[in-house]
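In what follows, chains carry the letters A, B, and so on, assigned in the order in which the sequence lines appear, proteins first and then strands, with residues in each chain numbered from 1.
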Number of protein chains: 2
Amino acid sequence: MESVKIRGYEWMSVTIKDVARIAGVSPSTVSRVISGHTRISPQTTKKVKLIMEELGYFPNIMAKSLVSKTTRTLGIILPRPAEELFLNLFFAEIIRGILAQSMRASYDILLTSSFSDKDEIETITKLVKGRRVDGIILLSSRKNDPSIQFLRDQNFPFVLIGRSADYPDVTSVDNDNVQAAYDATNHLIAQGHTNIRFVTGPEEMVVSQDRLAGYKKAMSEANINIAQDWIIEGELLSQSGYRAMSFIMSQQNPPTALVVFDDVAAFGVLRGLTELGIKVPDQIKLVSFNNIAISELASPPISSIDIGTYQLGYSASQTLIRVVQNEPLNAKEMIIPHRLIIRESSMNKVSRV
Amino acid sequence: MESVKIRGYEWMSVTIKDVARIAGVSPSTVSRVISGHTRISPQTTKKVKLIMEELGYFPNIMAKSLVSKTTRTLGIILPRPAEELFLNLFFAEIIRGILAQSMRASYDILLTSSFSDKDEIETITKLVKGRRVDGIILLSSRKNDPSIQFLRDQNFPFVLIGRSADYPDVTSVDNDNVQAAYDATNHLIAQGHTNIRFVTGPEEMVVSQDRLAGYKKAMSEANINIAQDWIIEGELLSQSGYRAMSFIMSQQNPPTALVVFDDVAAFGVLRGLTELGIKVPDQIKLVSFNNIAISELASPPISSIDIGTYQLGYSASQTLIRVVQNEPLNAKEMIIPHRLIIRESSMNKVSRV
DNA sequence: TTGAGTTGTGCCATACGTTGCACAAAATAA
DNA sequence: TTATTTTGTGCAACGTATGGCACAACTCAA
């Protein structure tokens, strides 16, 4: 038990040895008392525990990790342009889920992002080869993601939130986005709409593709022909949705309903429509995805597919911990159920008091 | 360089010793090549680097930390009821700032939350005594925060985002919230409003107190008397603001302007007003705080005090790293400037096309 | 009572992968 | 040759975990 000075800060470093010395036993004995399941007499155990308490002993996690080759830490790799994407409540909500479950299981969370593609591999390398974490949660579902390739090559435990088009056998937690978009679109078709447009997300994200596919499937089954310009390029951020509106609504045959691939984009769309003096849902209906907390507070409240965002993170963490601890998995790919939350933006008759 | 099996996963663990053996030098020599600044002949350096490259060597961070007593990791302690608060984009944005700056400085981020007060101290203890992180960013500014007391007692490097009422001398990054609220209120007073209400946040948060004080100050200076019920209890979450509205607007002498302590709450207020058929800004003006990304997409767009949320996180990280590395600080308390972003919700004449 | 066998208890030595200090060896200069 | 510099090595830490082993105590039979 000695006082150490690190970078100007005074430290009272009490180690297992100090406890041992004062308790009059060997360090190994103290270690065994801590880990429990080994042959130590009750009175020794009691004595050692008392001393630990008294001295305020706390095991050094680095030393522990070094010998156990285990960190009890999970790494989260945020999507590459984290600067922008993290804006979206959606990601915050996923992290919230991961955090809750990890804390419960006594795992720590290392949060990481990167600036470029090359940078991302470097970041991951540091975590993996530096034995910094036990496993990794990948929050990216771009096509041809080099990170997935890398982690597979390294045979390092990881789970993907989302779906990889290229590596179908990776452990992942995702929604059935095709079905979700199919449901959303059908909700509008059921109301008699036919001129339904789809505002899509970044082309390189698998989730965009899936939702687009679901939209197409529903339209096709309803025998509605999708014109070339019915699919509108959007982005995760809202401004683009906003800009797109004036263009779309000025067309010859404007839509009567919209499926927007993300709530934040939907806010932008809504804003754009309001600017144009177009009333939602009276003149045009709107459905979107992710059901972020604030969607119900939009004017009008936005109908959205709740994809269980929190649950997505929660399950990802749960799954990863299972993988890391070498426990059996029920299935490699886990699907979180979704459900359509119908709000004013897609209601036929507005029941206002 | 041997293959190790951990929890079922096969590992190719290449250590500094392997590199040394193959390069025909001692481990210390390799260590020096890595750290650079020591006398090693150019050809040895070259040779060792080549072998490292070939073997894909990467230093074990745990071992490094053990001997250096440094982790190059910062811990973030989310506010206690993290489950709810993290919902708020505001916190996500702060973390984004912390993350960006930390990555830039090659520091990792350990994200942590807790369920109860007692739990929080335990969590922090683990980080501090387990030598898990070099410093801590505290995202809590409640009154009488036991975490602050603890960290001070332990003499552990930390910075507070926000302000501590009890410990004025802690290193912190904050806004001048009194002034911010003063400005917001004056913006309304300047328009001739006198019946201005304040929707406040959780009583135990210092920021709520500060903003309330700023409101009072502005009102007082304008010689406007604040009636008892002009200060409305709100919460960070939006439902409460929503509920409050019907009550307020049904009063005898309804307000013509509102200062709401947070954007998300403002969304709730706005929703409540819309439900009641009250037009913003025609019938009532609205100003709030934090300027979260989505505020400009509300209908109408919400006037908000931009408190430089991202900057708050960025500076906190910067400051903490400086503290941890024992570099001098310009000031213990750092104030991030704010500015009022005027949008439709508080405009006098709506200039709509 | 004694010796052998059995069980319970705790310690020693070693290892994890790295760094840093004191010193050895080699190269160069005087 | 000796002194001096340059370059590299050996060893001891850092704080913890663990297999093997010593030792004491206890049981039981002769």
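- Contacts of A:Thr44 with the nucleic acid, taken as non-hydrogen atoms under 4.0 Å apart, involve only primed sugar atoms and P, OP1 or OP2.
- If you check D:dT16, C:dC11, D:dT9 against the side chain of B:Ser26, the one that comes closest is D:dT9.
- Distances shorter than 4.0 Å separate none of the side-chain N or O atoms of B:Lys64 from OP1 or OP2 on D:dC14.
- In the model, B:Tyr107 has no side-chain atom that pairs as donor or acceptor with a side-chain atom of B:Gln101 under 3.5 Å.
- An OP1 or OP2 oxygen of C:dA15 is reached within less than 4.0 angstrom by no side-chain nitrogen or oxygen of A:Lys69.
- The residue among B:Ala63 and B:Thr29 whose nearest nucleotide of DNA chain D lies closer to the 5′ end is B:Thr29.
- With rounding to whole Å, A:Ile40 atom CD1 is found 19 Å from C:dT7 atom P.
- Straight-line distance from the CZ atom of A:Arg132 to the P atom of C:dG17: 17 Å, rounded to whole Å.
- Counted within 6.0 Å of NZ on B:Lys47, heavy atoms from surrounding residues, nucleotides or ligands total more than 12; the atom is thus considered enclosed.
- In the interface, the side chain of A:Ser28 is paired with the base of C:dC12 through a donor and an acceptor atom under 3.5 Å apart.
- Using a 4.0 Å heavy-atom distance criterion, A:Pro27 is classed as making no nucleic acid contact.
- Put simply, CD on A:Gln43 is 14 Å from C1' on D:dA24, counting in whole angstrom units.
- Across all non-hydrogen atoms, the minimal contact from A:Val133 to A:Phe156 is O-CZ, 3.3 Å.
- Here D:dT9 presents its C1' atom at 14 Å from CD1 of B:Ile16, a figure rounded to the nearest Å.
- Straight-line distance from the CG atom of A:Asn60 to the C1' atom of D:dG15: 6 Å, rounded to whole Å.
- The 12-atom threshold is not exceeded at CG of A:Asn330, counting heavy atoms of other residues, nucleotides or ligands nearer than 6.0 Å.
- Of all nucleotides listed (D:dT7, C:dC16, D:dT16), C:dC16 comes nearest to the side chain of A:Leu66.
- The shortest distance between the side-chain N/O atoms of B:Ser41 and the OP1/OP2 oxygens of D:dT6 is not below 4.0 Å.
- Contacts of A:Ser31 with the nucleic acid, taken as non-hydrogen atoms under 4.0 Å apart, include base atoms.
- When rounded to the nearest whole Å, the span between NZ of B:Lys129 and C1' of D:dT16 equals 18 Å.
- Donor-acceptor pairing under 3.5 Å, judged by distance alone, is present between the side chain of B:Arg32 and the base of D:dT9.
- The base of C:dG17 is not paired with the side chain of B:Ser13 by any donor and acceptor separated by under 3.5 Å.
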Report task. Take A:Thr44 and A:Arg32 through the test side-chain hydrogen bond (donor to acceptor under 3.5 Å, both in side chains) and record every step on the way to the result. Result -> CA-CA 11 Å; A:Thr44 309; A:Arg32 298 224 146 97; over 6 Å; no
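- Remark: C1' of D:dC14 and NZ of A:Lys17 are 8 Å apart, rounded to the nearest angstrom.
- Going from atom OH of A:Tyr57 over to atom P of D:dG15 covers 10 Å, rounded to whole Å.
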